[in-house]
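The block underneath contains the structure these notes are about, expressed in structure tokens.
Residues: numbered from 1 along the sequence shown. Just so it is clear, the structure is predicted and the values come from calculations on it, not from any experiment.
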Amino acid sequence: MDSVEIPTKVLTNTSSQLKMPVVGMGSAPDFTCKKDTKDAIIEAIKQGYRHFDTAAAYGSEQALGEALKEAIELGLVTREELFVTSKLWVTENHPHLVIPALQKSLKTLQLDYLDLYLIHWPLSSQPGKFSFPIDVADLLPFDVKGVWESMEESLKLGLTKAIGVSNFSVKKLENLLSVATVLPAVNQVEMNLAWQQKKLREFCNANGIVLTAFSPLRKGASRGPNEVMENDMLKEIADAHGKSVAQISLRWLYEQGVTFVPKSYDKERMNQNLCIFDWSLTKEDHEKIDQIKQNRLIPGPTKPGLNDLYDD
């Protein structure tokens, strides 16, 4: 299996015009043992992956850190070639806790700096009280101005090369942009063929914010059939190109100018997810994809749900 050269996307809201590989490897929580995670990451690096996405809340920072350290020691990759993202959990989403949380993530990852640090949700909860889902009773007001000032401070301190957000709606981004000195480089949100995020894409494009899609293949929740992977029309498009539905989905995201972090620890699928750069979708394909019925997969991290989380 040859290593694939992955295109990059410039984060235009960074002073250094940092480049982010368009496809990254997600490591959202799952119950595979640490060794499996580590082996998968080493394999990914051999295949050409350079962008790795984790979060304090995922419990995968330690395994990722160990794998990256090993890959660097083996001479497979240098730190400078890697792009590592982590995220600030809601319990630390308070102005005075941002930098300590980032320093803790760096320690767990065994890294000196991150390439990108994201606010995981536009929510704050009781410090020290980790639970998932988040109990609504534990929520506190989110001081977006104070937290963002601390995010900007982490940039100045060299703890991260870029800062951004995750799960922010247009309205939440507007609130942030009204108080920000440094604009967010990235907004990582659910995006897939059955949740195409058109309005959010337009807003982010207009403001130089790069979108990263999580659940790009609509996996990650066990609610009924997968409206992407089990879609007959997408199967027809895939057959016509001699590709898989997953490859059609990721190619569509790539053609929209967004970045994406699929999560697969399967060697073959990891490779398939990279084989999307030397062919394209047709105008007819795009017209058909535009017709897919849209609904959100991930309802949010709280119990019960919040009506105004996504402002739709």
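Under the 4.5 Å side-chain heavy-atom criterion for Ile, Leu, Val, Met, Phe, Trp and Tyr, Leu173 and Ile163 are members of the same hydrophobic cluster. Hydrophobic clustering keeps Met20 apart from Ile6 (ILVMFWY residues linked when any side-chain heavy atoms are closer than 4.5 Å, directly or through intermediates).
Glu202 and Lys198 are joined by a salt bridge, as a carboxylate oxygen and a charged side-chain nitrogen come within less than 4.0 angstrom of each other. With respect to the salt-bridge test (charged N to carboxylate O, under 4.0 angstrom), the residues Asp311 and Lys172 qualify. A salt bridge is defined here as a Lys NZ or Arg NE, NH1 or NH2 lying under 4.0 Å from an Asp or Glu carboxylate O, and Lys171 with Asp308 fails to meet this definition.
Between the side chain of Glu255 and the backbone N or O of Leu281 there is at least one donor-acceptor pair closer than 3.5 Å. In this structure a side-chain-to-backbone donor-acceptor pair under 3.5 Å is missing from Arg218 to Asn226. Remark: the backbone N or O of Glu61 is not paired with any side-chain donor or acceptor of Thr108 at under 3.5 angstrom. Put simply, the side chain of Glu152 gets close to the backbone of Val182: a donor and an acceptor are under 3.5 Å apart. Checked by atom type and distance alone, the side chain of Gln62 never pairs as donor or acceptor with a backbone atom of Gly59 at under 3.5 Å.
When all heavy atoms of Cys275 and Gln247 are compared, the pair lying nearest together is O-NE2, 3.6 Å. Heavy atoms only, all atoms of each residue included: Val186 and Leu116 are closest at CG2-CD2, 3.8 Å. Here the shortest heavy-atom pairing between Asn207 and Leu183 reads O-CD1, 4.3 Å.
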| message | Would Glu284 and Lys288 count as a salt bridge (Lys or Arg N to Asp or Glu O under 4.0 Å) here? Give the steps. | response | CA-CA 6 Å; Glu284 291 76 21; Lys288 287 176 185 164; over 6 Å; no

| task | Give the C-alpha distance, both sets of side-chain angles, the deciding distance and a yes or no for side-chain contact (heavy atoms from CB on, under 4.5 Å) between Val147 and Val98. | result | CA-CA 7 Å; Val147 165; Val98 172; 4.0 Å; yes

| request: Begin from the C-alpha positions of Ser249 and Val245 and carry the test side-chain contact (heavy atoms from CB on, under 4.5 Å) through to its verdict. | output: CA-CA 6 Å; Ser249 301; Val245 171; 4.2 Å; yes

| said: Run the side chain to side chain donor-acceptor pair (under 3.5 Å) test on Gln188 and Asp53 for me, step by step, so that the C-alpha distance in whole Å, both residues' side-chain angles and the decisive distance to 0.1 Å come before the verdict. | reply: CA-CA 10 Å; Gln188 183 178 130; Asp53 180 88; 2.9 Å; yes

| said: I'd like to know whether Leu250 forms a side-chain contact (heavy atoms from CB on, under 4.5 Å) with Val23, so could you lay out the CA-CA distance, the side-chain angles of the two residues, the decisive distance to 0.1 Å, and finally the verdict. | reply: CA-CA 9 Å; Leu250 299 179; Val23 62; 5.6 Å; no

| message | Between Asp285 and Thr282, does the side chain to side chain donor-acceptor pair (under 3.5 Å) criterion hold? Intermediate values first, please. | response | CA-CA 5 Å; Asp285 294 339; Thr282 65; 3.2 Å; yes

| said: Checking Tyr113 against Leu159 for the side-chain contact (heavy atoms from CB on, under 4.5 Å) test, could you report, in this order, the C-alpha distance in whole Å, the side-chain angles of both residues, the deciding distance, and whether it holds? | reply: CA-CA 5 Å; Tyr113 66 90; Leu159 299 173; 6.0 Å; no

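Only one option out of His51, Arg79, Lys19 pairs with Asp115 in a side-chain hydrogen bond (donor to acceptor under 3.5 Å, both in side chains); it is Arg79. Results of the side-chain contact (heavy atoms from CB on, under 4.5 Å) test with Gln126 over Thr91, Leu140, Ile134 single out Leu140 as the only residue that passes.
Donor-acceptor pairing under 3.5 Å is lacking for the side chains of Glu190 and Asn167.
Annotation: side chain of Leu200 is not in contact with side chain of Phe168 (no heavy-atom distance under 4.5 Å). When side chains are defined from C-beta on, Leu106 does not count as touching Asp112, because their heavy atoms never get closer than 4.5 Å.
The CD atom of Gln196 lies 9.0 Å from the CG atom of Leu253; values are rounded to the nearest 0.5 Å.
Ring orientation note: the planes of Trp89 and Phe130 are tilted relative to one another, at an angle of 30° to 60°.
Ring pair Phe83/Phe52: centre-to-centre distance not below 6.0 Å.
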